[in-house]
Every structure is written in structure tokens, then in C-alpha cells.
Amino acid sequence: MALDAIILDLDGTLVDTNEMHVRAWCAAFESRGYRIAEDRIRTEVGKGGDKLVPAILGDEADRRDGDHLRRRQPEEFEKIAKAEGIRPFLKARELLDALRQRKLRTALVTSSNEKHLETIEKFSRLDIRPLVDEVVTSDDAKNSKPASDPLTAACRKMKLSPAQCASVGDTIYDARSARSAGVVCIGLLTGYNPAEQMRSAGARFTFRDVAALHDRLDDALDHSSPGPAHLTHDAMESLMRQALAVARDAISRGEAPIACLLARGDGAVIAKAHNQQNVTKNKTAHAEILAFADAAGKVPLDARDLILVSTLEPCVMCTGAAMISSVDTIVFALRAPADAGLHRVECPTSPESQMPRIVGDILSDESRRLFEEFLKTDPRDEQRRFVEQLLSITR
């Protein structure tokens with residue numbers, strides 16, 4: 001286990017409040033004359049109000065009534081909490097204590113504001129803030145889940161890379177946020193999404209609830225980060241520099257500077273490769289595919305701790321190959337919006353595959369300079385068009 005921190009969602013994860021939020025939203029919508037069915041709201045639970053209201057009413061109604069609704073919903077929630085109390089999930093406190101005992105840092109993330117957190121603490125009688133190291137509220141993130149902002153803010157507060165963290169959440173929006181942020185997601189089934197939906201959204205695996213996670217915590221931590229290497233920013237940059245050196249060699253061989261390496265979970269490099277489309281006349285001869293071929297026989301087939309480091313965001317084909325190969329972490333330098341596998345490949349649900357944590361923008365400027373240098377070599381037209389488009393859309 002090489003994790004350094006756990007980021008925990010609040011509502012529906014540590015405290016049983018999802019249905020209270022649904023009822024509060026219903027009351028808020030009704031205050032403006034909107035009759036919204038509860039099951040319609042349940043599909044959006046996990047989003048912040050900035051995303052939930054336009055998803056249900058549309059942008060025009062959000063512009064007209066959104067601010068009022070976002071103010072009214074916490075007021076309605078507080079009324080319900082005061083009348084009924086809030087139930088912490090079984091072993092919520094014990095989980096936080098167990099994480100601290102394992103010397104893992106913790107951050108609490110909520111899409112709501114500081115006042116909502118105070119409401120939770122007051123009516124649940126669970127004093128959460130002393131039990132965690134950092135707290136992230138809507139005041140710390142420009143966009144709520146499923147955007148990556150809340151988890152990125154938590155990593156920043158803890159001064160850790162996303163690859164050093166795992167997150168715990170109960171909705172598909174928690175899982176999607178984690179996927180975008182590069183954080184492994186442990187899914188809980190205390191929200192409205194079954195296990196298959198959670199995994200399809202990006203959760204690496206799921207537990208019934210906090211109590212089940214607590215009881216199998218060590219297994220969960222090992223599954224979240226099976227290799228012994230702590231992937232700090234410095235560690236990822238060190239691996240990326242080796243990949244960039246291979247990319248530079250590719251230029252001298254008339255290939256675009258796209259290179260990658262495969263490392264074991266301890267950081268030891270076992271394979272390196274660069275694109276060889278020109279020399280092989282094979283359009284699938286991408287660096288990642290060649291590296292996987294070179295690594296054959298060097299690691300067990302059931303290995304789940306591999307680290308794939310690429311100078312360019314892997315395409316659909318290569319991202320899919322990484323998932324099928326149960327790669328633990330993908331690290332890339334320059335983003336590739338036109339071919340990006342991160343947003344175009346569905347998360348695997350087969351037990352033989354694995355959803356990697358995907359961390360981008362590691363030495364991206366250095367990678368970009370290699371592509372600019374490559375253009376000066378007067379490459380063939382097809383490569384030139386690809387690189388010119390890449391550079392134009394990643395400014």
C-alpha cells in the first residue's frame with residue numbers, strides 16, 4: 001500500500017442524508033412553483049447546486065431562479081435535520097480513527113458550504129472536523145462534482161499528488177470527479193447507484209457501506225494502490241524525464257516524439273518504446289502498444305501495479321489496452337484533446353480489468369517543446385497535420 005491520504009465525501013457517505021436532500025430540493029423547487037418528482041432529483045444527488053438545478057430545469061430557468069433555489073434548499077434541509085436529526089452511518093467515526101491509526105492523512109469534501117457542514121455536525125452530533133486533517137467546501141472549488149475541482153483542491157491543501165490519494169464516495173458523480181482528478185475511487189452503495197453503475201462511472205471497486213469498508217480497510221487500501229512506490233510529483237517527473245528522453249530519440253528516427261515506459265509498482269522500469277508508425281507502416285504501432293509487447297513475460301499476467309508513463313495522453317486504443325492490462329496508474333505529459341482516451345473510453349467492469357488512476361500535465365511543457373522541435377524536421381504531411389492540430393488545441 002503506497003497511499004498517503006484518503007479524501008472522503010460527506011453526504012450519503014459518512015452521514016445518511018441523501019433522502020433529506022431530495023426532500024429539501026423538492027420543497028425548494030415548490031417554493032418557485034416547480035413540481036419535480038423525487039425520483040428525478042435522486043438521479044442528480046451528488047452534484048452541487050450549481051450543477052443540479054440546470055440539469056433538472058435547464059439553463060434558462062437556472063438563470064431566472066437558480067440562485068433562489070440554491071439559497072432555499074439548505075434552509076429546507078436544516079428544517080428537516082432539526083425535526084428528525086441526522087444519522088451517521090455505522091462505523092463512520094471508527095473509519096476515520098482507523099485511517100489516522102494507519103498514518104494516512106484525511107480530507108473531507110462537500111459540495112455544500114461551511115454552514116451546511118455546521119448543520120451536519122450539529123444535528124448528527126458527529127464532530128467531524130477534529131477527525132480529519134483538511135476540509136474542502138464549495139468555497140474552495142469553482143465547480144462542484146462531477147468536476148474534478150473539489151478533489152483537486154483537497155490534494156492541493158494536503159500538498160500531495162492525486163496519485164498519492166484515494167477517495168471514498170457514494171454516487172456516480174463522486175466516481176466521475178475522482179476519475180477526472182486522477183484519484184482512485186472507492187465506491188459505497190449507500191447512494192442511489194448500484195455497484196455496476198459506480199464501476200462504470202470510475203470506481204475501482206465498491207463496498208456496501210462505511211462499516212463494510214472499515215472491516216476490510218487494509219484490503220481496500222492495498223487494492224487502491226497495490227505497488228510500494230509513492231507517486232509523488234517528483235517521482236512522476238523522474239519517470240517522465242526517462243520517457244521524454246525516448247521521445248527525443250524518436251525524432252532522430254523520423255518519428256513523432258511520442259514515447260512511453262512501463263514500470264512495476266516499485267518504480268523499476270521494465271519496458272520503453274516510442275511510436276514506430278513510419279518504420280513499420282502500421283498505424284497501430286503506438287508507443288504504449290509496443291511497450292506492452294516488450295513487457296510480455298517480465299511481469300505476471302495478474303499484475304495490477306503497473307505504471308504507464310507517456311509523453312502524450314494515450315489514445316482510445318492505448319487507454320483501453322491499459323485497462324485490459326490492469327494498469328494501476330497512467331501518467332502523461334501533454335494532453336491530446338482530439339484523441340483523448342481519458343474521456344472517450346468507458347470504465348471497465350470486468351474483474352480482469354482495472355480502472356487506472358490517470359494523472360496528466362506532468363512536464364507537459366517539455367513534451368510540447370519536443371513536438372515544436374519535431375515540426376522543424378519537416379516531417380511527412382500526415383505527421384505534420386497531426387502535430388500542428390495538437391499544438392493548436394493545447395495552447
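Just so it is clear, the model here is predicted, and its values are computed rather than measured.
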Without swapping roles, check the side chain of [X] against the backbone of [Y] for a donor-acceptor pair under 3.5 Å.
X    : Y    : answer
T17  : M20  : no
S144 : G48  : yes
N193 : I172 : yes
D133 : T106 : yes
T319 : V316 : no
T190 : G12  : yes
K298 : I270 : yes
S326 : E352 : yes
S238 : D234 : no
E255 : N278 : yes

Can you tell me how far apart [atom1] ([X]) and [atom2] ([Y]) are? Round to the nearest 0.5 Å.
X    : Y    : atom1 : atom2 : result
L239 : M236 : CG    : CE    : 9.5 Å
R102 : D97  : CZ    : CG    : 11.0 Å
C318 : I258 : SG    : CD1   : 9.0 Å
K159 : Q164 : NZ    : CD    : 13.0 Å

Do [X] and [Y] pair up side chain to side chain, a donor and an acceptor below 3.5 Å, judged on atom types alone?
X    : Y    : result
Y192 : E44  : no
T311 : H274 : no
S138 : N113 : no
D174 : S177 : no
S225 : R357 : yes

Assess whether side chain to side chain contact (heavy atoms under 4.5 Å, CB included) is satisfied between L104 and L221, documenting all intermediate values. CA-CA 10 Å; L104 287 165; L221 297 176; 3.8 Å; yes
When you look at [atom1] of [X], are more than 12 heavy atoms from neighbouring residues, nucleotides or ligands closer to it than 6.0 Å?
X    : atom1 : answer
K115 : NZ    : no
E388 : CD    : yes
E38  : CD    : yes
R216 : CZ    : no
R42  : CZ    : yes
K122 : NZ    : no

Hey, which of D11, D50, D9 is the one that makes salt bridge (Lys or Arg N to Asp or Glu O under 4.0 Å) with K145?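 Result: among D11, D50, D9, D9 is the only option passing the salt bridge (Lys or Arg N to Asp or Glu O under 4.0 Å) with K145.
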Show the nearest heavy-atom pair for residues L290 and A285, with the distance to one decimal.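 Minimum heavy-atom separation between L290 and A285: CD1-O, 3.9 Å.
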Which heavy atom in P150 sits nearest to a heavy atom in V109, and how many Å separate them?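 Here P150 and V109 meet closest at CB-CG1, 3.6 Å.
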Quick one: which residue pairs count as a salt bridge (charged side-chain N to carboxylate O under 4.0 Å, His left out) with a foot in residues 185-212, not counting sequence neighbours?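 Qualifying pairs, neighbours excluded: R204-D328.
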Who passes side chain to side chain donor-acceptor pair (under 3.5 Å) against Q276, sequence neighbours left out?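 Applying side chain to side chain donor-acceptor pair (under 3.5 Å) to Q276 gives none.
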Set of side chain to side chain donor-acceptor pair (under 3.5 Å) partners for E121, sequence neighbours left out: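 Expected list: R129.
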For side chain to side chain contact (heavy atoms under 4.5 Å, CB included), just list the numbers for I120 and T110, CA-CA rounded to whole Å, side-chain angles, deciding distance to a tenth of an Å, and then say yes or no. CA-CA 11 Å; I120 295 287; T110 173; over 6 Å; no
ILVMFWY cluster, [X] and [Y] together (side-chain gap under 4.5 Å):
X    : Y    : result
V309 : L370 : yes
V45  : F77  : no
L334 : V331 : yes
I251 : F386 : yes

With sequence neighbours excluded, what pairs up with A340 under the side-chain contact (heavy atoms from CB on, under 4.5 Å) test?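 With neighbours one apart ignored, the set is E313.
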Who are the side-chain contact (heavy atoms from CB on, under 4.5 Å) partners of S252, not counting sequence neighbours?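 S252 satisfies side-chain contact (heavy atoms from CB on, under 4.5 Å) with D249 only.
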Under the salt bridge (charged side-chain N to carboxylate O under 4.0 Å, His left out) rule, collect the residues that match up with R304, sequence neighbours excluded.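 Salt bridge (charged side-chain N to carboxylate O under 4.0 Å, His left out) list for R304, sorted by chain: empty.
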Look at the aromatic rings of Y34 and F29 and report parallel, tilted or perpendicular, splitting at 30° and 60°.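 Judged by the thresholds at 30° and 60°, the geometry between Y34 and F29 is perpendicular.
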Report the C-alpha separation of Q277 and H286 in whole Å, then their side-chain angles, then the decisive distance to 0.1 Å, and conclude whether the side chain to side chain contact (heavy atoms under 4.5 Å, CB included) test is met. CA-CA 7 Å; Q277 290 177 278; H286 289 200; 4.1 Å; yes
Checking L99 against L8 for the side chain to side chain contact (heavy atoms under 4.5 Å, CB included) test, could you report, in this order, the C-alpha distance in whole Å, the side-chain angles of both residues, the deciding distance, and whether it holds? CA-CA 11 Å; L99 294 172; L8 299 113; 4.2 Å; yes
